[in-house]
Amino acid sequence: MKVLLLTGLGALFFSYYWDDNFDPASLQGARVLLTGASAGVGEELAYHYARLGSHLVLTAHTEAFLQKVVGNCRKLGAPEVFYIAADMASPEVPGRVVQFALDKLGGLDYLVLNHLGATPAGTRSRSVQGTRWLLQVNLLSYVQLTSLALPSLTDSRGSLVVVSSLLGRVPTSFSSPYSAAKFALDGFFGSLRRELDVQDVNVAITVCVLGLRDRASAAEAVRGVTRAKAAPGPKAALAVIRGGATRAPGVFYPWRFHLLGLLRGWLPHPRAWFIRQELNVTAVAAAAA
């Protein structure tokens, strides 16, 4: 019976994610502001949008990495690509980024929020100073960018795409500040979606739940601590783009993460044995020492 149930659920989710009426031509000429575009999933998002003929404004922390991505996007056929280096830990930066995008593109059809900041896994990341920094980068800057871009997205009947994490749905060990920020993102954008519906504002919000990011900084932060593998950047990026273009309320990549989110409601207090399957507890203890 359990095998049949899991097989049925798997078939249901498979059909859901592939019957999405995705039309690549809908992104030709689209005006896209993409954050966190210098590496990992963000870099792959930029390349997909470029191939599809979108006009791009890219932002990330490191200018040299951005310049490389911009050059590649131009080679892939993007009609326009602009970039602005930005540190989202500074509260005044989101305003400059949005204004830059509006000046260069004349408006926005997509705001894709993908940037992140992560401290090394372990209890040391629970300091007040570190938590404030994480909340600014992973939550407050998302709120700022959204608030500033929303008038233009309203005019274009555009889409807001939020790249989040499984840690915003299922808490795990030694990630409390980061997980708190991601849970807050889920609550903020879920509530905002309801507000826009009530006000008849035709702006779609797609929240994408991904696993461990396929980028050097994410891998280094949890090296030796978790046994989880990173999601392949190109495939995860394509899932994000499909979800945003079809105005889906949510994307889970890999799809089994949706099942994990549902299981949290059924098993809200997992036994320590399950937690240890994903963690190298000895490494965590050493990192916290």
Side-chain angles (χ1 to χ4, degrees), residues 22-88 93-117 137 141-142 145-146 148-149 152-153 156 158-164 204 206 208 210 213-219 230-247 251 253:
F22 173 54
D23 179 13
S26 67
L27 289 167
Q28 186 171 3
R31 300 164 297 176
V32 180
L33 169 56
L34 168 63
T35 69
S38 64
V41 172
E43 181 179 0
E44 297 299 334
L45 283 169
Y47 296 157
H48 281 309
Y49 279 120
R51 292 186 188 97
L52 293 167
S54 301
H55 301 260
L56 299 173
V57 168
L58 308 179
T59 183
H61 185 274
T62 306
E63 184 170 5
F65 294 161
L66 269 177
Q67 290 174 338
K68 181 201 72 171
V69 176
V70 167
N72 290 336
C73 286
R74 288 172 177 156
K75 293 176 183 177
L76 290 170
E80 287 184 303
V81 190
F82 306 97
Y83 76 90
I84 175 172
D87 181 2
M88 293 299 175
V93 164
R96 293 206 301 264
V97 168
V98 172
Q99 190 58 55
F100 178 86
L102 295 176
D103 291 342
K104 294 298 184 181
L105 301 180
L108 290 174
D109 300 301
Y110 287 87
L111 172 61
V112 184
L113 300 174
N114 172 70
H115 61 281
L116 62 84
V137 174
S141 67
Y142 278 57
L145 290 161
T146 297
L148 295 165
S152 181
L153 292 173
S156 66
S159 294
L160 176 61
V161 181
V162 183
V163 181
S164 187
T206 301
C208 306
L210 306 183
R213 302 296 189 91
D214 185 14
R215 59 189 294 178
S217 60
K235 293 182 179 180
L238 184 57
V240 171
I241 286 178
R242 292 172 71 104
T246 57
R247 303 172 79 85
V251 169
Y253 188 88

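For this chain, numbers begin at 1 and follow the sequence in order.
In this structure, Leu52 and Pro24 approach most closely via the heavy-atom pair CD2-CB, 3.6 Å. Annotation for Ala37 and Leu66: closest pair CB-CD2, 4.3 Å, computed over non-hydrogen atoms. The shortest heavy-atom contact between Arg31 and Gly107 is NH1-CA, 3.4 Å. In plain terms, the two heavy atoms of Leu108 and Ala149 that are nearest each other are CD1-CB, 4.0 Å. Closest approach of Phe65 and Ser38 over heavy atoms only: CB-CB, 3.7 Å. The heavy-atom pair separating Cys73 from Val81 by the smallest distance is CB-CG2, 3.9 Å.
With contacts defined as side-chain heavy-atom distances shorter than 4.5 Å, the pair Val240/Val161 qualifies. Considering only heavy atoms from C-beta on, Leu145 comes within 4.5 Å of His115 through its side chain. Residues His48 and Leu45 form no side-chain contact, since every pair of their non-hydrogen atoms from C-beta on lies 4.5 Å or further apart. Val69 has its side chain within reach of Tyr47: a pair of non-hydrogen atoms, C-beta onward, lies under 4.5 Å apart. At least one side-chain heavy atom of Val112 sits less than 4.5 Å from a side-chain heavy atom of Tyr49.
Going from atom CD1 of Ile84 over to atom CD of Glu63 covers 10.0 Å, rounded to the nearest 0.5 Å. Here Leu113 contributes atom CG and Thr146 contributes atom OG1; the two are 5.0 Å apart, rounded to the nearest 0.5 Å. Atom CD of Gln28 and atom OG of Ser54 lie 8.5 Å apart (nearest 0.5 Å). Between the CD atom of Glu43 and the CG atom of Leu58 there is a distance of 10.0 Å, given to the nearest 0.5 Å. Distance check, rounded to the nearest 0.5 Å: CG of Leu27 to OH of Tyr110 gives 4.5 Å. Interatomic distance, CG of Leu102 versus CG of Leu148, reported as 9.0 Å (0.5 Å rounding).
A distance-only check finds no donor-acceptor pair linking the side chain of Asp109 to the backbone of Ala30 [under 3.5 Å]. Side chain of Ser164 to backbone of Cys208: no donor-acceptor contact under 3.5 angstrom is found. Tyr253 contributes no side-chain N or O that, together with a main-chain N or O of Ala237, makes up a donor-acceptor pair within less than 3.5 Å. At distances below 3.5 Å, not a single donor-acceptor pair connects side-chain atoms of Ser26 with backbone N or O atoms of Phe22.
We find that Glu80 and Lys104 are not joined by a salt bridge, their nearest charged nitrogen and carboxylate oxygen being 4.0 Å or further apart.
Proximity of the aromatic rings of His55 and Phe82 is defined here by a centroid distance below 6.0 angstrom, and this criterion is not met.
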